*Asks:* 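I'd like to ask you about the structure that follows.
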Amino acid sequence: YGRMAEKHWREHCPSLVRTLEATGRLHAMLLEAEEKTKDEMMDLTQQFRNQGLTPQQAHDRAWEMVRESYILLPPES
């Protein structure tokens, strides 16, 4: 997830990346985004599995809910 976040951020959020690089925080923020995504994905996937979804359905639904919170940030205007 971290590599996906970095690729997306560099393409769609260049000002954010420049600021994070200038302050030496880019790597830490990418790790944080990755960890939060993994944690929320695990929790949501388990919730959806408990509701009767298949593992793939549960994963896909969790990804749809979490991806824009930490990884696929909205593009800068």
Side-chain angles (χ1 to χ4, degrees):
Y1 293 123
R3 286 191 294 264
M4 183 187 302
E6 183 173 8
K7 182 178 186 298
H8 179 83
W9 294 4
R10 287 190 183 281
E11 183 175 339
H12 299 284
C13 308
S15 296
L16 171 66
V17 171
R18 279 193 300 277
T19 300
L20 293 173
E21 285 180 326
T23 58
R25 295 180 28 221
L26 179 62
H27 183 70
M29 292 300 292
L30 289 167
L31 286 176
E32 183 178 329
E34 182 174 18
E35 287 302 314
K36 287 182 175 181
T37 298
K38 286 194 301 189
D39 291 345
E40 286 191 32
M41 286 286 295
M42 281 182 19
D43 292 343
L44 287 170
T45 298
Q46 187 58 51
Q47 288 177 28
F48 293 137
R49 291 283 292 131
N50 292 342
Q51 295 173 11
L53 295 179
T54 67
Q56 186 64 51
Q57 290 170 326
H59 175 274
D60 292 349
R61 185 166 294 171
W63 174 243
E64 288 175 16
M65 294 178 69
V66 173
R67 65 185 176 202
E68 293 173 358
S69 298
Y70 309 109
I71 304 296
L72 304 178
L73 301 178
E76 294 173 349
S77 51

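Counting from 1, the numbers follow the sequence of the chain as shown. Just the heavy atoms: all of them, side chains too, but no hydrogens, waters or symmetry mates, feed the values below. The model shown is predicted, which means the values in this text are computed figures rather than measured ones.
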*Asks:* Flag the pair Arg18 and Glu21 as a salt bridge only when some basic side-chain nitrogen lies within less than 4.0 angstrom of an acidic carboxylate oxygen.
*Replies:*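 Judged by the 4.0 Å cut-off on N to carboxylate O distance, Arg18 and Glu21 do not form a salt bridge.
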*Asks:* Do Leu72 and Val17 belong to the same hydrophobic cluster, where Ile, Leu, Val, Met, Phe, Trp and Tyr are linked whenever their side-chain heavy atoms lie under 4.5 Å apart, directly or via other members?
*Replies:*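 No, no single cluster joins them.
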*Asks:* Can you tell me if His8 uses its side chain to pair, donor with acceptor, with the backbone of Leu73 under 3.5 Å?
*Replies:* yes
*Asks:* To the nearest 0.5 angstrom, please state how far the OG1 atom of Thr37 sits from the CD atom of Glu34.
*Replies:* 8.0 Å
*Asks:* In this structure, are over 12 heavy atoms from other groups packed under 6.0 Å from His27 atom NE2?
*Replies:*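 Result for NE2/His27: open.
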*Asks:* Does Arg67, at its CZ atom, have more than 12 non-hydrogen atoms belonging to other residues, nucleotides or ligands within less than 6.0 Å?
*Replies:*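 Counting other residues, nucleotides and ligands, CZ of Arg67 exceeds 12 neighbours.
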*Asks:* Working to the nearest 0.5 angstrom, can you tell me the gap between Leu30 CG and Trp9 CH2?
*Replies:*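 Going from the CG atom of Leu30 to the CH2 atom of Trp9 covers 4.5 Å.
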*Asks:* In this structure, would Met42 and Leu44 fall into the same cluster of hydrophobic residues linked by side-chain contacts under 4.5 Å?
*Replies:* no
*Asks:* I'd like to know if Met65 and Ile71 are part of one continuous hydrophobic network [Ile/Leu/Val/Met/Phe/Trp/Tyr, side-chain heavy atoms within less than 4.5 Å].
*Replies:*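 Yes, Ile71 and Met65 fall within the same hydrophobic cluster.
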*Asks:* What distance do Glu11 atom CD and Glu76 atom CD have between them, rounded to the nearest 0.5 Å?
*Replies:* 12.0 Å
*Asks:* If you draw a 6.0 Å radius around CZ in Arg10, do more than 12 non-hydrogen atoms from other residues or ligands fall strictly inside?
*Replies:*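 Correct, the count exceeds 12.
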*Asks:* In this structure, would Met29 and Met4 fall into the same cluster of hydrophobic residues linked by side-chain contacts under 4.5 Å?
*Replies:*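 Met29 and Met4: separate clusters.
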*Asks:* State, to 0.1 Å, how close Cys13 and Pro74 come at their nearest heavy-atom pair, and which atoms those are.
*Replies:*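 Of all heavy-atom pairs spanning Cys13 and Pro74, the closest is SG-O, 3.5 Å.
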*Asks:* Identify the two heavy atoms, one from Phe48 and one from Ala62, that lie closest to each other, and give their separation to 0.1 Å.
*Replies:* CE1-N, 3.7 Å
*Asks:* Are side-chain N/O atoms of Gln46 and Asn50 paired as donor and acceptor at under 3.5 Å?
*Replies:* yes
*Asks:* At what distance, to the nearest 0.5 angstrom, does OG1 of Thr19 lie from CZ of Arg25?
*Replies:* 9.0 Å
*Asks:* Where do Glu32 and Lys36 land on the salt bridge (Lys or Arg N to Asp or Glu O under 4.0 Å) test, with the steps shown first?
*Replies:* CA-CA 6 Å; Glu32 183 178 329; Lys36 287 182 175 181; 2.9 Å; yes
*Asks:* Any chance you could lay out the salt bridge (Lys or Arg N to Asp or Glu O under 4.0 Å) test for Lys38 and Glu35, step after step, and finish with the verdict?
*Replies:* CA-CA 5 Å; Lys38 286 194 301 189; Glu35 287 302 314; 3.3 Å; yes
*Asks:* Write down the atom of Tyr1, the atom of Trp63, and the distance for their closest heavy-atom approach.
*Replies:* CE2-CZ3, 3.4 Å
*Asks:* Please tell me whether Tyr70 and Leu16 are part of a single hydrophobic cluster in this structure, the criterion being side-chain heavy atoms less than 4.5 Å apart.
*Replies:*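 Different clusters.
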